[in-house]
There are 2 protein chains.
Amino acid sequence: MKPMTIGRLSSAAKVKVTTIRYYESIGLMGTPDRSASGQRLYGSVDVERLSFVRHARELGFSMDAIKDLIGLQTEPDQDCSAVDTIAQKQLAEVQKRLAQLEALERELKRMIENCRGGKVGGCQVMAAINDHSECETDKHERLKPL
Amino acid sequence: MKPMTIGRLSSAAKVKVTTIRYYESIGLMGTPDRSASGQRLYGSVDVERLSFVRHARELGFSMDAIKDLIGLQTEPDQDCSAVDTIAQKQLAEVQKRLAQLEALERELKRMIENCRGGKVGGCQVMAAINDHSECETDKHERLKPL
DNA sequence: ATACAGTCTACAGCGACTGTAGGGGCAAGT
DNA sequence: ACTTGCCCCTACAGTCGCTGTAGACTGTAT
C-alpha cells in the first residue's frame with residue numbers, strides 16, 4: 001500500500017490536518033517520512049494510531065493518559081493492570097462530573113420553575129443565583145467549563 | 001462601613017485575589033477606588049456582585065452569559081424573559097452534556113467490565129478504544145474536556 | 001498554461017484563569 | 001526605629017487542546 005498525504009490521513013481518521021500536525025508537535029504521532037518536496041507521508045498504521053487517539057479523546061482521556069496508553073500499547077507483553085487503572089481513573093472522573101452536572105440540572109430547573117415571568121427586579125432566577133445560602137453546588141469544587 | 005482590601009473581598013466572596021483582578025481586567029467588576037498607595041478598595045456591593053459571579057460560574061454559565069445577567073440586573077424594570085432565556089439555554093447545555101457523559105460512563109464501564117486481566121496485547125480496554133465501529137460516542141460531537 | 005486545492009512553516013489567539021518575578025505597603029512585636 | 005512577615009502592586013508567561021492566520025510552495029486537473 002502506498003503512503004498517503006496528511007489530508008488523506010485526516011479524512012481516514014477523522015482528525016483535522018492541523019490537529020495531526022499539533023499531535024506530531026507534542027510527540028503523540030512520531031515524525032513521519034517526507035516526500036522529496038517535504039510533504040508528510042503516512043501509512044495505514046498511522047490511521048489506526050490516530051483513530052485510537054481520537055476515540056480516546058472522545059472518551060475524555062487527557063493527552064497525558066493517551067500518551068501512557070500508547071506507550072503501553074507498544075509493549076503488548078506487559079501486564080494489563082496499568083491500562084485498567086487508567087480507565088478506572090477516567091470512569092471515576094466521569095462519574096464525579098456526572099454527579100456535579102446532575103446537581104446543576106436540579107438547581108437550574110428549580111430556578112426556572114420558580115420564574116413566573118414579570119420584571120427582572122423580582123425575578124426568581126436572579127434571586128436564586130444571588131442567594132446561594134442553601135445551594136447544593138456550593139459544596140462542590142469549582143466546575144470545569146461545560 | 002469602611003472599605004476592604006482585595007484580600008478581604010477575596011475571602012468574603014470566596015474568589016481568589018488573582019481572579020478578582022482578572023475579572024476587573026475583562027470588565028466584569030468595574031474599576032474600584034484606590035487607596036493613597038494604590039491598593040484597591042471595595043465595599044459590600046462588590047462582595048455581592050462577586051458572589052453572584054462565583055455562583056453563576058458554579059452553575060456553569062459562561063462569562064458572556066454572566067456579563068449579560070449583570071447587565072440585566074442593573075435594569076430591574078426590564079422584562080424577566082431575557083434572564084429566563086439565558087437560564088433555559090444553560091439548562092439545555094447541561095442536559096446535553098449529561099447525555100454525553102452518561103454514554104461515556106456506559107462505554108467505560110463496558111470496557112472495564114470486559115477486562116479480565118492478562119497482558120496488554122489481549123486487553124479488552126485497549127481493544128475497545130481501538131474498535132470504535134459500534135461505539136455510541138462516535139455519534140456525538142467532540143466532547144469538551146472533563 | 002492556468003487555475004485551484006492541498007501542503008508547508010511559524011506564530012498568534014481562544015477561555016478562564018494560574019503562576020512567576022520583582023517590587024512596595026502595612027501592622028505588630030522587640 | 002527596626003525587623004518580621006504577610007499583603008498588595010504590575011506585567012507578563014504558561015496552562016490545555018487545539019484553531020486560525022499569513023504567506024509561500026506543490027500537485028493535479030482541465
So, do [X] and [Y] sit near enough that their side-chain heavy atoms are less than 4.5 Å apart?
X       : Y        : result
A/Leu91 : B/Ile112 : yes
B/Lys16 : B/Ile20  : no
A/Leu41 : A/Ser35  : yes

ask   = CG/A/Leu72 to OG/A/Ser81 distance, rounded to the nearest 0.5 angstrom?
value =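 If I round to the nearest 0.5 Å, the distance is 9.0 Å.
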
Taking only side-chain nitrogens and oxygens of [X], does any of them come within less than 4.0 Å of OP1 or OP2 of [N]?
X       : N      : answer
A/Thr18 : D/dC18 : no
B/Tyr23 : C/dC17 : yes
A/Arg21 : C/dT9  : no

Of the candidate nucleotides [options], which contains the atom at the shortest distance from the side chain of [X]?
X       : options               : value
B/Ile6  : C/dC17, D/dC8, D/dG17 : D/dC8
A/Lys16 : C/dC17, D/dC8, D/dT19 : D/dT19
A/Arg57 : C/dT7, D/dG17, D/dT10 : D/dG17
B/Thr5  : C/dT9, D/dC9, D/dC7   : D/dC7

What is the separation between atom [atom1] on [X] and atom [atom2] on [N], rounded to the nearest whole Å?
X       : N      : atom1 : atom2 : value
A/Leu41 : C/dC8  : CG    : C1'   : 13 Å
A/Leu28 : D/dG17 : CG    : C1'   : 11 Å
B/Ile26 : C/dC14 : CD1   : P     : 12 Å
A/Ile20 : D/dT19 : CD1   : P     : 11 Å
A/Lys67 : D/dG17 : NZ    : C1'   : 12 Å
B/Met29 : C/dC17 : CE    : P     : 13 Å
B/Tyr42 : D/dC7  : OH    : C1'   : 14 Å
A/Glu24 : C/dA10 : CD    : P     : 12 Å

query = If each of A/Phe61 and B/Val17 is mapped to the nucleotide of DNA chain D with the nearest heavy atom, which maps nearer the 5' terminus, i.e. the 5' end?
reply =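 Mapping each residue to its closest nucleotide by heavy atoms, the 5'-most match is B/Val17.
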
ask   = So what does B/Arg40 touch, heavy atoms closer than 4.0 Å: a base, only the sugar-phosphate, or nothing?
value = sugar-phosphate

message = Under the side chain to side chain contact (heavy atoms under 4.5 Å, CB included) test against A/Arg54, which residue among A/Val15, A/Leu59, A/Thr19, A/Ile66 passes?
response =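 When A/Val15, A/Leu59, A/Thr19, A/Ile66 are each tested with A/Arg54, the side chain to side chain contact (heavy atoms under 4.5 Å, CB included) holds only for A/Val15.
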
ask   = Using a cut-off of 4.0 Å between protein heavy atoms and nucleotide atoms, how would you tag nucleotides 22-30 of chain D 5' to 3' with B, S and -?
value = ----SS---

task = Flag the pair B/Glu105 and B/Lys109 as a salt bridge only when some basic side-chain nitrogen lies within less than 4.0 angstrom of an acidic carboxylate oxygen.
result =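 Yes, this pair counts.
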
message = Under a 3.5 Å distance rule, please check whether B/Arg8 uses its side chain to pair with a backbone N or O of B/Tyr42 as donor and acceptor.
response = no

